[in-house]
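What follows is a set of notes on a single structure, which appears directly below.
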Amino acid sequence: MKIAVIPGDGTGPEVTNEAIKVLAAVAEKDSFDYELTPFDFGGERYLKTGETLPEGAIEELQQFDSIYLGAIGHPDVQPGILEKGLLLNLRFQLDQYVNLRPITLYPGVETPLAGKGPEDIDFVVVRENTEDMYCGVGGFLKKGTADEVATQTAIYTRKGCERIIRYAFEYTQKRNNPKGKRLTLVAKTNVLTYGHDLIWRTFQDVAKDYPDVEQDYNHVDACCMWMVKNPEFYDVIVTTNMFGDIITDLGAMIQGGMGVAAGGNINPDPGGTSMFECMGGSAPKYTGQNVINPIAAIAAMAMLLEESGHTESATRITEAIKTVTGTKMESQAAGRMGYSTSEVGDLVCQNL
Ligand code: IPM
Ligand code: MN
């Protein structure tokens, strides 16, 4: 297994260290080999060279089975440059059309939802990751004048809709929720009567191949209400890129915050290169202090292993995380965990 590692900026390298420490420990237990290759992409490199991804980087990264990403974001780099030049560029060019975001409340982790526990907050969002308003299609007319016009076009293709919906049905089948297999499409068919009509029709067509999965539909605004009021209702959600971006941040909050939220940018096709990351940013103010929470980064490593077929190792890590959050950590907030960043990594290793 060949893994490209982009530790990135700020606290990215610190949390990446812990994820790699856990990888080393689990690989020894489960006897598998891997090879890590570091890449220095991120804000520092951009400030030195003026490039986000150098010439040939995509071709090089394509040779890897997976990419592990720490965090990118630098206080001296204008917002948007690294996001577009690195993160979105990689997602699009590597055709990572699935953004997989498990919303799992680990034991012992505080949720802002009163009366809800780990048995209630346990679902997965499958966010489309290559279409919608993220395509960068649009432009200005009469820019900077009082008559200015701006367009930002949402693109949906039959092919793009079909592959994400099919992935979501397959995922729901595989997840095999004992409470029942249910896939909820989240969109806005009452207003977006062209694009989301295509999504809706595609959902209906693909659903015929999965009669064992209960199908459901929520408008995105209603979904935001249910995620707060009845999160236990959800098993798997499939949604568009923009709506997925928004509801997964809501999801991150109900699962206990950015310290625990992990995600994958997946190209499930044979030979595809997927990329795993923690959802939190580079947290510049905590850099180098050994106080940032590495749980999300470690959970992202578990997702990488799961996707690479090392299912048992992935489960081993997830169970160890639950033990550590449930019986050791005082909080998931940076500096208030009761342990340092590296101590949390050690605890996960000890509990594998
Ligand atoms: C995410 C992030 C990105 C997105 C940003 C950094 C471009 O918010 O992964 O959810 O909007 O997809
Ligand atoms: Mn986001």
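It should be emphasised that the depicted structure is a prediction, and the values quoted were computed from it without experimental measurement. One-based numbering, in listed order, for ligands and for the atoms of each.
A cation-pi arrangement is found for Arg182 relative to Phe233, the charged atom lying closer than 6.0 Å to the ring centre and inside a 45° cone about the ring normal.
Contact check on Lys159 versus Glu162 returns no salt bridge, with no Lys/Arg side-chain nitrogen under 4.0 Å from an Asp/Glu carboxylate oxygen.
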Check ligand 1 for close polar pairs with the protein: N or O on both sides, less than 3.5 Å.
unit_1: ligand 1; atom_1: 8 (O); unit_2: Asp245; atom_2: OD1; d: 3.3
unit_1: ligand 1; atom_1: 9 (O); unit_2: Arg91; atom_2: NH2; d: 2.6
unit_1: ligand 1; atom_1: 10 (O); unit_2: Arg127; atom_2: NH1; d: 3.2
unit_1: ligand 1; atom_1: 10 (O); unit_2: Asp245; atom_2: OD1; d: 2.9
unit_1: ligand 1; atom_1: 11 (O); unit_2: Tyr134; atom_2: OH; d: 2.6
unit_1: ligand 1; atom_1: 11 (O); unit_2: Asp245; atom_2: OD1; d: 3.4
unit_1: ligand 1; atom_1: 12 (O); unit_2: Arg91; atom_2: NH1; d: 2.8
unit_1: ligand 1; atom_1: 12 (O); unit_2: Arg127; atom_2: NH1; d: 3.3
unit_1: ligand 1; atom_1: 12 (O); unit_2: Arg127; atom_2: NH2; d: 2.8

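The ring-ring contact (aromatic ring centres under 6.0 Å, His included) search around Phe32 returns His310, not counting sequence neighbours.
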**OP:** Show your working on ring pair (Phe, Tyr, Trp, His ring centres under 6.0 Å) between His219 and Tyr217 and close with a plain yes or no.
**Re:** CA-CA 7 Å; His219 290 318; Tyr217 174 82; 5.1 Å; yes

Would you list the atom pairs, donor with acceptor, under 3.5 Å between side chains in residues 83-90 and any protein atom, with sequence neighbours excluded?
unit_1: Glu83; atom_1: OE1; unit_2: Gly80; atom_2: N; d: 2.8
unit_1: Glu83; atom_1: OE2; unit_2: Gly80; atom_2: N; d: 3.4
unit_1: Asn89; atom_1: OD1; unit_2: Gln93; atom_2: NE2; d: 2.8
unit_1: Asn89; atom_1: ND2; unit_2: Gly85; atom_2: O; d: 3.0

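Here the Mn ion (ligand 2) has protein N, O or S atoms under 2.8 Å from it, and they come to 1.
Between Phe169 and Tyr210, the two ring planes are parallel [angle under 30°; tilted spans 30° to 60°]. Under the 30°/60° scheme for interplanar angles, the aromatic rings of Tyr167 and Tyr171 are found to lie parallel.
Looking at every heavy atom in both residues, Phe140 comes nearest to Ala150 through CD2-CB, 3.9 Å.
In this structure a side-chain-to-backbone donor-acceptor pair under 3.5 Å is present from Thr273 to Phe64.
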